[in-house]
Amino acid sequence: MIAILDFGSQYTQLIARRVREAGVYCEILPYNVELERLTAHEPEALILSGGPASIYEEGAPHPQPGVLDLDLPMLGICYGMGVLVTAEGGKVASSGHREYGPAPLTVTVSEGLFAGFNGDNPRVWMSHGDRLESLPPGWSAIATSKNSPLAAAQRDDGRRHVVQFHPEVVHTERGSDVLSNFMFKVCGLKNDWSMESFVDATSRRIKEQVGDGHVICGLSGGVDSTVTAALLERAVPGQLTCVFVNNGLLRKDEADEVKGRLGDYFGADFVYVDASDRFLDALAGVEDPEKKRKIIGGIFIDVFEDAAHDAQARKGPVKFLAQGTLYPDVIESVSVNGPSATIKSHHNVGGLPERMKLELVEPLRELFKDEVREAGRVLGVPADSLDRHPFPGPGLAVRILGPVNRDDLAVLRDADAIFIEEIRAAGLYDDIWQAFAVLLPIRTVGVQGDFRTYDKVIALRAITSEDGMTADWFRFPPEVLAQSSARIANEVAGVSRVAYDISSKPPATVEWE
Ligand code: XMP
């Protein structure tokens with residue numbers, strides 16, 4: 001295990017990704033983690049990340065006493081470089097010339113970090129305003145760049161290395177080789193972390209936490225909740241109840257598909273609750289999007305709690321609630337300017353854990369999204385549950401603008417299904433982060449045969465995104481839009497006009513409500 005001390009760099013998560021991709025388990029810890037907590041992880045090496053501060057400023061972040069005395073191989077990146085070298089008497093100062101972007105690196109020692117670089121001078125990604133001015137005693141330079149004569153250095157015992165550039169970003173040529181050399185050549189680690197070993201270790205941990213207790217889990221049919229439940233099924237078969245609630249706001253045939261797919265996978269531990277009428281009756285006439293969300297959230301908790309009570313009658317008291325919280329949600333983001341550590345947590349089922357006194361089980365807390373998909377594959381979760389676009393909890397209620405009713409739901413479902421069918425037929429589904437149809441609350445004039453019509457409008461939305469926080473609209477080949485539009489207008493009764501949404505986020509959001 002490698003511990004990555006986070007000094008606030010925007011790239012810290014990338015370091016973790018690269019390390020895990022190379023087959024070594026790692027965790028990100030705040031830069032000021034206590035010595036005891038750090039050593040409890042039994043790290044075999046430390047990586048000190050970059051960060052926005054300058055090491056020579058007053059109040060610059062430093063590791064806790066004792067951390068740098070650990071007899072472990074250490075790699076300092078950018079700000080982390082400053083931490084390691086100043087601790088041993090080296091000097092970092094403002095370079096007087098901020099350096100951002102690519103810079104050619106001249107490797108002078110093709111060993112250790114640069115083993116195998118013989119004669120290769122990669123372009124590396126710089127992002128700094130400080131540079132290493134002088135090395136501590138017993139250290140030597142191993143690479144230079146135009147603005148940083150000491151662009152990389154090592155302690156002569158080979159236990160400490162520093163680099164001014166960012167080996168973790170894709171723009172750094174051979175950056176993965178630098179990190180691999182650190183892990184395998186310098187630290188002598190093995191690349192034995194795999195998803196199979198994660199699944200085995202996590203199953204054991206779940207068993208320890210849960211004992212013979214009864215665990216409940218809300219299944220949406222999406223990736224995170226499905227893989228969470230699958231891990232529990234592997235760890236404590238028979239002690240799990242997963243509840244899939246049909247809120248009447250799902251896509252065309254979705255309830256049946258999820259029921260079929262996950263009902264088969266989870267067998268007797270799968271519970272299906274059709275609460276469509278309860279949700280749709282409560283939503284009748286409600287126009288305000290936030291009010292819709294509140295109503296849907298409130299009923300979901302009630303329905304889920306009822307299902308939990310039913311399950312208790314069969315399998316004994318429910319003690320645990322499993323949730324699909326992912327790593328990006330739990331990384332402790334430490335403000336490098338202050339002592340406060342904040343931990344974000346997902347509470348998809350609102351106040352339920354407190355109300356029913358449930359302890360949380362969050363087996364995906366250590367995984368990134370694509371690792372969750374990989375875990376799902378290892379667990380044999382049906383591929384259709386792993387590769388789906390995200391779908392919002394309030395479902396089609398936020399895609400029918402204005403009040404929701406059953407007739408409009410039918411129209412929207414048909415239009416949405418055609419759009420997705422055409423996207424799949426064009427082989428574009430996996431290139432798109434999320435795609436869907438929206439039913440607008442207006443009518444426009446059209447002509448069908450010899451008749452004038454006054455019908456509904458469907459808007460199509462498809463976006464590319466990394467995380468849903470920012471997004472751009474997807475550039476379709478025109479024939480995919482043409483075919484979707486023609487089919488929707490022809491096959492969906494009551495729709496005569498189709499528009500494509502070309503707004504990015506910001507200023508628009510992904511959903512229309
Ligand atoms: P927005 O519309 O906020 O969407 O740009 C970003 C992502 O979040 C999803 N979304 C929701 N998911 N409950 C959810 O579970 C919600 O109320 C909700 N609103 C938006 C949206 O589908 C997109 O993926």
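Counting convention: from 1, in listed order, for ligands and their atoms alike.
Using a 4.0 Å cut-off between a side-chain N of Lys or Arg and a carboxylate O of Asp or Glu, Arg205 and Glu208 do not qualify as a salt bridge. Remark: Lys292 does not engage Glu287 in a salt bridge, criterion side-chain N to carboxylate O under 4.0 Å.
Taking the salt bridge (Lys or Arg N to Asp or Glu O under 4.0 Å) definition, one finds that Asp274 meets it with nothing, sequence neighbours left out.
The environment of NZ in Lys319 is sparse: at most 12 heavy-atom neighbours from other residues, nucleotides or ligands sit within 6.0 Å.
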**Item:** Test log, rule side-chain contact (heavy atoms from CB on, under 4.5 Å), inputs Leu409 and Ile400
**Value:** CA-CA 8 Å; Leu409 277 167; Ile400 291 177; 3.7 Å; yes
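At a heavy-atom cutoff of 4.0 Å, ligand 1 is surrounded by Arg293, Pro392, Gly393, Pro394, Trp433, Gln434, Gly468, Lys505, Thr509, Val510, Glu511.
For the 3.5 Å distance criterion, the side chains of Arg261 and Ser385 qualify, holding a donor opposite an acceptor.
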